[in-house]
Amino acid sequence: MIPIKKPLVATIICCCFLTGCWDKRELNEIAIAVAFGIDKSDEGFRVSAQVVVPSAISSDKGAEGTPVLLFQADGETAYEAIRKMTKQVPRKIYPGHLKLLVIGEEMAREGIWDSLDLFVRDWEVRPDFSVVVARDRPASDILRVPTALDTIPANKLFDMLENSSDNWSEVHKMTLFELLADISSDGKDAVLTGILSSADADSNTGKEATEEIHPSARLYFDNLAVFEKDRLVGWLDAEQSKGFNYVAGNIKNTVETISCPEGGSVAIEVTKSDAKIKASFSGGNPEMEIIIKNKGNVGSVQCGLDMKKPESIHILDNLFEKKLTGIIEETVKETQSRGRSDIFGFGQTIHRSHPDKWKSLKGEWDEHGFENVPVKVKVEMNIRMTGTLLNPL
Amino acid sequence: MSLFDQKKGGQPEASGRDCLQKSLQDNLLLLKVTLGESTDVIIREIRIGREGIPAGILYTDGLTDTASLQKFLLETLMIELPEIEEREGGSPDECFLSELKERILTVGEVEESGSVSSLLGSLLSGDTLLLVDGYAAGLVIPNRKWAERAVTEPNSQTVVRGPRDSFSENIRVNSALIRRRVKDPNLWNESRKIGTRTETNVELMYIHGLIEERVLDELRKRLDLIEIDGILESGYIEEFIQDTDYTMFPTIYNTERPDAVAANLLEGRIAILVDGSPFVLIVPALFTQFFQSSEDYYQRVLFSSFIRILRYVSFGIAMLLPAFYIAITTFHPNMLPPPLLISLAAQREGVPFPAFIEALIMELAFEILREAGLRMPRNVGSAISIVGAMVIGTAAVEAGIISAAMVIVVSLTAIANFVSPVYDLGFTVRMLRFGFMILAGCFGFYGIMIGLIVTILHLCSLRSFGVPYMSPLSPFNWSGQKDTMIRGPIPRMYRRPRLIGKANPTRQQPAVAEESSPDNSESKR
């Protein structure tokens, strides 16, 4: 063993303590922010932060006081606003566990990039939180609504969004990562899920609201906000949202209700859905083809169809295909009529399959390329199981 | 010999007169004076034979078997000797002493010596001396017997399945326990006395042909260099012969299990037995050896391997868990899942200390409790457990001094520490833990990583009697992996540890045709 020089050891040990612990923060010195809301204000940005109050959540003390607090501050930039919050909060806002970013509609219409920049740039933020748009309201209104099932509203919203995108697929969970990819890529525009609140002026948004069985102020996700670059340009309604998700391949599991030929209806559970968009050229003009292959089960039958017969399944297949084709064609038409925002990524598809031709199309794709491209829709359905019951009783 | 030089300096009355005189009275007086007329040395003057020659019998009370003294010495000399002389008609002559030694005394091994110092040595070791008037020599009759602890179950290394005997304080019993397991004539025993005053018997045991002569020579050299007045425990020897003092890791293995010693001898290691110590030292020792329990080899393979891995994991927990907790809560809260973070944050509410201080308080409290539990009188033991449960428990949490999570961290750390099958490594872990806590408190994970790198570099720099401490992990060798992180099936572990059993690498012919490794052919005998 090399003999250690004592002064060297002493110096090293002293260094350990002299540097101090400059980035040390005890857990009771940070305010864990679970959701941020960004709105427009006179100064520029109004940032709302939903911050957890840990002592109210801990299981052993029987949850006293409000589980979350909402802080608001205005500033020329979002960063400035967040820092200004220190004037109201005794602890430093810690964004590492951010779950949800709510952008007010007004802000979204002006462009979201300026607000997002901070969240991408800051090393402490993990870009895996969901981004949603508050429809018709400022984001702070959304973050103000208390929830009962999960005491932290941001958690509740996050889980709700996830659950709904997995099982109903009308909304789409978009993380900051995915959003950035969509905004920055050519030939594809972003969509974000909308969040709505049923609260009105005299709704109770205090803590007592969590004690109501059917609170008047409720939050729910609905509709998809369509963006052009980083600006919100419009909304898709519920059916169109679903149609979009079929095309985008976001469907994990959902239920479609189709009408039987002789009246009544059948619910089909879609268990698998694969979407493919193909681009082809005829005479120099692009043509798009959307092919969606589905697999599913019969979920519930409320009509006279004889489920013992294989033909019935074929009938259902065809009905499903027809219905979904309708929905998607409608969605595509609606989107095209609005022009400019290519949420399906047709441009991207062309770029990938025909990069040479894309070069010439690229320049005017947003102006009139997208809205004029003919789109063919082809839906395949394969119903596999009818459940444990053959015919309705 | 340096041994005697020292003695002369310490005991001037013996100097220059190391030889016995012819006169019994002179001799007895000399011995009496040399021993300071100690009352536990009994001097019995008798007259032996028909002619009643004056003789003296000396023994140390308590170290000598008085029953055999009476039966084989006093009765022989005082009753049977006159009868024999009567019958044979002879009378004592020049060779009376050797006559006594060769024909009369019916005890095992009798030695004749004229040196006062060696006679004294024997006397104080429990032998009986017989001095006869007119002869400048005495007989040493070995009939040592003293009260000692029986062979009991081991305290420090217990097993469920496996032999239950352990070493005791008597070196003879200890060497017998080993020899009973290995009946190889090549199991050699080499003895020396160390300690100028204690004259402690130290023995090396090894299997000739399995050990590397280089290691043995080095060991002999280091033992010969020891200059100390007394050896009271094998720990003394350990400190004298270890490769370096500047390490927290033990580079010499110790055990009180004879089966563990036997297994190590068979691997080509050397055992050092020290009289008066139930702990036998084994060299060379490797890092991985401290994760091996002898029970590993008695239990089924899969289970043993599982337990092995568990030990390494526990080692990590015991060393790093508090540091991890400090680093995560003060520097890297983003590494925790949100629900856990919120739960931890809730517990930290109202705790007045930073996490580092909190951890330090708890770890210190636990170390104090543990040390107290070890040292206090047995019959107040229950008091410690009651108070201890309060200090490191809900009482501390309810008082608002400590967060509940910290109690769990400290308790888990403490329990994980005890998984280590060898007590020594536990000390290392306990001390390193504090180092890592300081690093984590200052630099977070960065500090822990730096600490780990330094520790691993240090481990790789260590050697035990020339063998790299981290082998077979570094330098890496495949066949050694069968007994490192896992315990391979015994039939397949047909080779001795590469760097230790080099002299004779093959234990047994492989039971199964093994995949041939490059060194397979040359390693076979």
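Quick note: numbers below take in every heavy atom, side chains included, and nothing from hydrogens, waters or symmetry partners. We name chains A, B, ... by the order of the sequence lines, and we start the count at 1 in each one.
Close approach to chain A, defined as a heavy atom under 4.5 Å from one of its heavy atoms, is seen in B/P333, B/N334, B/L336, B/P337, B/P338, B/L341 of residues 333-341 of chain B, taken by number.
Under the 4.0 Å criterion applied to side-chain N and carboxylate O atoms, B/R348 and A/E26 are assigned as salt-bridge partners. Between A/K173 and A/D159 there is no salt bridge, since no side-chain nitrogen of the basic residue lies less than 4.0 Å from a carboxylate oxygen of the acidic one. Remark: B/R222 does not engage B/E227 in a salt bridge, criterion side-chain N to carboxylate O under 4.0 Å.
By the 30° and 60° cut-offs, the orientation of the rings of B/F324 relative to B/F445 is tilted. Using cut-offs of 30° and 60° on the angle between ring planes, the pair B/F291 and B/F315 is perpendicular.
Cation-pi geometry between A/K99 and A/F129 is not met: the NZ or CZ atom fails to fall both under 6.0 Å from the ring centre and inside 45° of the normal.
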